[in-house]
Amino acid sequence: MVSIKRRLLLGALSAGAALGALVVAGPANAATTAPGKPTIVLEHGAFADASSWNGVIEELRKDGYPVIATANPLRGPVSDAAALRSVLDHVKGPKILVGHSYGGSVISTAGANDPQVKALVYVAAFLPAPGETALELTNKFPGSTLPDALDPAPFTLPGGGTGTDLYIKADKFRHQFAADVPARAAALMAATQRPIAQSALEEKAEVAAWKDKPSWDVITTEDRNIPAAAQRFMAERAHAHVTEVRASHSVAVSHPKTVARVIESAARATAG
């Protein structure tokens, strides 16, 4: 059997339940309580959970933005986008979608054909074109060290058979995923990480909302998951407004003010 490292050639990414639960930073109908402010919807990526947005949420709320941080199932772009769409359909008014890492693949699908989604913000994220996978985009450029940090775990599929969940090994988590996050905080992140299904990294995108919606992109130059060159390639073809940060893959944790400023720029630019 071909090893996971060789079969994946991974090098990418930043989880389980299929219920699409959400963490609401403000009332569920917050869009109607903050006139002129779109609702900011945050989608985390692999090896993380909704709490990875906590610092960003605090900054956005200080400036009066209603915020929702969703729980990404991390099973595949199409099904995860369906879970996110159930949240978007519940929130009234204009919305800004923000995706970290693999969450970028999800917002690119969920945000398509929705006039209430005014902008997309990608944070150390994937911006796949139709037919592309996260794995393919990561391997397009050298630099990711994720394969050697992975800890695969089998799980039983609902209809029978076996899938593979991917975690980052606890002793390698900080170096790989959050090198600029304080050690104690990174240890908590490692303990609470949610796995991604291996198959999610190999699932082809079906649509790309960035083709007809304005996008912003936070590129992390010290990223060990998604090479900066890959991030730049995706941002350039999407004509995204780019902010480069000397940061790890966990830039929303280490630089929440910077990420919040980019999100607010997208909100202001697309208001009205």
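Just the heavy atoms: all of them, side chains too, but no hydrogens, waters or symmetry mates, feed the values below. Since we're looking at a predicted model, the values are computed, not measured.
The residues Glu136 and Lys204 are annotated as not salt-bridged, no charged nitrogen and carboxylate oxygen being separated by less than 4.0 angstrom. Salt bridge present: Arg85 and Asp114 bring a charged side-chain N and a carboxylate O closer than 4.0 Å.
Of the possible donor and acceptor atoms, none in the side chain of Glu264 sits under 3.5 Å from a partner among the backbone N and O of Arg261. Panel note: side chain Trp216, backbone Val123; no donor-acceptor pair is recorded below 3.5 Å. Panel note: side chain Asp80, backbone Arg75; a donor-acceptor pair is recorded below 3.5 Å. Of the possible donor and acceptor atoms, none in the side chain of Glu59 sits under 3.5 Å from a partner among the backbone N and O of Pro256. Distance alone, capped at 3.5 Å, is enough to place a donor-acceptor pair between the Arg224 side chain and the His175 backbone. The closest donor-acceptor contact from the side chain of Ser215 to the backbone of Leu120 lies at 3.5 Å or more, if one exists at all. Between the Gln193 side chain and the Tyr167 main chain, no donor and acceptor come within less than 3.5 Å of each other. The closest donor-acceptor contact from the side chain of Asp223 to the backbone of Ala228 lies at 3.5 Å or more, if one exists at all. In this structure, the side chain of Asn72 engages the main chain of His44 through a donor-acceptor pair within 3.5 Å. Side chain of Lys118 to main chain of Pro115: a donor-acceptor pair is present (N/O by atom type, distance under 3.5 Å, no hydrogens or angles).
When all heavy atoms are compared, the tightest approach of Leu137 to Met234 is CD1-SD, 3.6 Å. Here the closest non-hydrogen pair linking Lys213 and Val117 is NZ-O, 3.0 Å. Closest approach of Ala69 to Ile57, counting heavy atoms only: CB-CD1, 4.0 Å. Nearest heavy-atom pair across Ala209 and Asp212 is O-OD1, 3.0 Å. Ala178 and Met189 make their closest contact through CB-CE, 4.2 Å (heavy atoms, listed as atom of the first residue, atom of the second, distance). Here the shortest heavy-atom pairing between Ala110 and Leu84 reads CB-CD2, 3.6 Å.
In this structure the side chain of Thr162 never reaches within 4.5 angstrom of the side chain of Thr164, judged on heavy atoms. For the pair Lys211 and Pro130, the minimum side-chain heavy-atom distance is below 4.5 Å. Counting heavy atoms from C-beta outward, Lys95 and Pro38 have side chains that stay 4.5 Å or more apart. At least one side-chain heavy atom of Phe47 sits under 4.5 Å from a side-chain heavy atom of Asn225. Between Pro227 and Thr138, the closest side-chain pair of non-hydrogen atoms falls below 4.5 Å. Here the side chains of Leu166 and Leu201 are in contact, with some heavy-atom distance below 4.5 Å. Side chains of Ile168 and Leu146 form a contact here, defined as non-hydrogen atoms less than 4.5 Å apart.
Each of Ile219, Val218, Thr221, Val262 was scored for a side-chain contact (heavy atoms from CB on, under 4.5 Å) with Val245, with one residue passing: Val218.
Between the CZ atom of Arg174 and the CZ atom of Arg184 there is a distance of 12.5 Å, given to the nearest 0.5 Å. Separation of atoms CG (Asp217) and CD (Glu244) is listed at 9.0 Å; rounding is to 0.5 Å. The distance from atom CG of Asp49 to atom OG1 of Thr192, rounded to the nearest 0.5 Å, is 4.5 Å. Interatomic distance, His239 NE2 to Arg237 CZ, rounded to the nearest 0.5 Å: 10.5 Å. The structure places NE2 of His241 at 9.5 Å from OG of Ser265, a figure rounded to the nearest 0.5 Å. The CD1 atom of Ile226 sits 12.5 Å away from the OH atom of Tyr122 when rounded to the nearest 0.5 Å.
Taking a 6.0 Å sphere around CZ of Arg246, one finds it holds 12 or fewer heavy atoms contributed by other residues, nucleotides or ligands. Within 6.0 Å of CG in Asn113 there are 12 or fewer heavy atoms belonging to other residues, nucleotides or ligands.
There is no path of hydrophobic side-chain contacts, each under 4.5 Å, that joins Val106 to Val207. The hydrophobic cluster containing Val78 does not contain Leu97, counting ILVMFWY residues as joined when their side-chain heavy atoms lie under 4.5 angstrom apart, directly or transitively. In terms of hydrophobic clustering, with Ile, Leu, Val, Met, Phe, Trp and Tyr side chains grouped at heavy-atom distances under 4.5 Å, Phe141 and Leu127 are assigned to a common cluster.
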Between Ser108 and Phe126, does the side-chain contact (heavy atoms from CB on, under 4.5 Å) criterion hold? Intermediate values first, please. CA-CA 9 Å; Ser108 292; Phe126 291 107; over 6 Å; no

Please step through side-chain contact (heavy atoms from CB on, under 4.5 Å) for the pair Val56 and Val67, ending with a clear verdict. CA-CA 10 Å; Val56 174; Val67 187; over 6 Å; no

Decide side-chain contact (heavy atoms from CB on, under 4.5 Å) for Asp180 and His255; before the verdict, give the C-alpha distance in whole Å, the side-chain angles of both, and the deciding distance to 0.1 Å. CA-CA 9 Å; Asp180 54 354; His255 294 77; 3.6 Å; yes

Begin with the C-alpha distance, continue with both residues' side-chain angles, and end with the deciding distance and a verdict on side-chain contact (heavy atoms from CB on, under 4.5 Å) for Val259 and Thr243. CA-CA 9 Å; Val259 173; Thr243 298; over 6 Å; no

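For the residue pair Glu43 / Thr70, a side-chain donor-acceptor distance below 3.5 Å is found, with atom types taken as modelled. No donor-acceptor contact under 3.5 angstrom links the side chains of Thr109 and Glu206, judged on distance only.
Cation-pi geometry between Arg194 and Tyr102 is not satisfied (NZ or CZ under 6.0 Å from the ring centre, within 45° of the ring normal).
Under the 30°/60° scheme for interplanar angles, the aromatic rings of His249 and His100 are found to be tilted.
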